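What follows is a short report on a single structure.
Count residues from 1 along the sequence. Predicted model, so just to flag it, every value in this text is computed and none were measured.
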Amino acid sequence: MITAPDVFEAVFEAHYEEIRRYIARRLDLGVAEDLAAETFLIAFRQRDRFDAVVGGVRPWLYGIATNLIGRHRRAEVRRYRALARTGPPPDEEAPDQRIVDRLSADVTVDRLAGALARLSQGERDVVLLVAYGGLGYDEVAEALGIAMGTVASRLSRARTKLREVLG
């Protein structure tokens, strides 16, 4: 049981960096630290409600993080749309020989960001939990509190939309 503070500390140590990276990939580094900390604050406050019979700690934490990200949905969508229009920020330290690589990467990032912005929030959450979080269908279902069939259908619809946009 994770209600004991020392046990919860072990949960924090085991999963904090992974959750922070997931949030950073979904939003940005500036928000990631704050939302990762908030994820664990919420988890600590709700640790007595965690039921290991229902599922694992990892998907539970991803679910909390994804809900927090949902609060930032408008900013996330605006970011993807802006990225699609302008491309990623310039890399001031990139050597000259990387210019061609950078231009190719910019086109790819632009197209991907635009495609992600076109997905519904549910589709985007499923895609990014699988791609960024490395969660399996069962863990995504647990994290979002949805059926595995819903995960599969959202992922299928998202893949179709991404294929249409990205080719």
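In this structure, Glu164 CD and Arg118 CZ are separated by 10.5 Å, a value rounded to the nearest 0.5 Å.
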* To do: Go through the steps to decide whether Leu119 and Leu162 satisfy the test side chain to side chain contact (heavy atoms under 4.5 Å, CB included), and finish with yes or no.
  => CA-CA 8 Å; Leu119 299 178; Leu162 291 172; 4.3 Å; yes
* Decide yes or no on side chain to side chain contact (heavy atoms under 4.5 Å, CB included) for Phe40 and Ile64, but give the supporting numbers first. => CA-CA 9 Å; Phe40 283 90; Ile64 293 169; over 6 Å; no
* To do: Mind running side chain to side chain contact (heavy atoms under 4.5 Å, CB included) on Ile2 and Asp48 for me, showing each step along the way?
  => CA-CA 7 Å; Ile2 63 169; Asp48 59 329; over 6 Å; no
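Using a 4.0 Å cut-off between charged side-chain N and carboxylate O, Asp125 and Arg154 make no salt bridge. Note on Arg20 versus Glu17: salt bridge recorded, some NZ/NE/NH1/NH2 to OD/OE distance being below 4.0 Å.
For Arg25, there are no side chain to side chain donor-acceptor pair (under 3.5 Å) partners at least two apart in sequence or on another chain. Under the ring-ring contact (aromatic ring centres under 6.0 Å, His included) criterion, Phe8 pairs with Phe44, not counting sequence neighbours.
Contact of the Leu61 side chain with the Val11 side chain is registered, since non-hydrogen atoms from C-beta on lie closer than 4.5 Å. Considering only heavy atoms from C-beta on, Glu139 comes within 4.5 Å of Arg58 through its side chain. Val151 has its side chain out of reach of Val130: every pair of non-hydrogen atoms, C-beta onward, lies at least 4.5 Å apart. Between Trp60 and Val54, every side-chain heavy-atom pair lies at or beyond the 4.5 Å cut-off. At a threshold of 4.5 Å between non-hydrogen side-chain atoms, the residues Arg163 and Thr160 count as touching. At least one side-chain heavy atom of Ser120 sits under 4.5 Å from a side-chain heavy atom of Glu123.
Between the side chain of Arg71 and the main chain of Asn67, no donor-acceptor pair closer than 3.5 Å is present. At distances below 3.5 Å, at least one donor-acceptor pair connects side-chain atoms of Arg47 with backbone N or O atoms of Thr3. The backbone N or O of Ala43 lies less than 3.5 Å from no partner atom in the side chain of Gln46, so there is not a single donor-acceptor pair. Between the side chain of Thr150 and the backbone N or O of Ile146, no donor-acceptor pair lies under 3.5 Å. A side-chain donor-acceptor contact under 3.5 Å links Glu142 to the backbone of Gly56.
Taking every heavy atom of both residues into account, Ala147 and Ala141 meet most closely at C-CB, 4.0 Å. Closest of all the heavy-atom pairs between Leu68 and Leu35 is CD1-O, 3.6 Å. Shortest non-hydrogen contact noted between Ala158 and Val127 is CB-CG2, 3.4 Å.
One hydrophobic cluster, built from ILVMFWY side chains closer than 4.5 Å, cannot hold both Leu29 and Leu116; they sit in different ones. When the side chains of ILVMFWY residues are joined at heavy-atom separations under 4.5 Å, either directly or via intervening members, Tyr16 and Val7 end up in a single hydrophobic cluster. Hydrophobic clustering places Met148 together with Leu129 (ILVMFWY residues linked when any side-chain heavy atoms are closer than 4.5 Å, directly or through intermediates). Ile69 and Leu41 fall into different hydrophobic clusters, where Ile, Leu, Val, Met, Phe, Trp and Tyr are joined by side-chain heavy atoms under 4.5 Å apart, directly or via other members.
Using modelled atom types, one finds a donor on one side chain and an acceptor on the other under 3.5 Å when comparing Tyr62 with Glu18. The closest side-chain donor-acceptor pair between Thr66 and Tyr22 falls under 3.5 angstrom.
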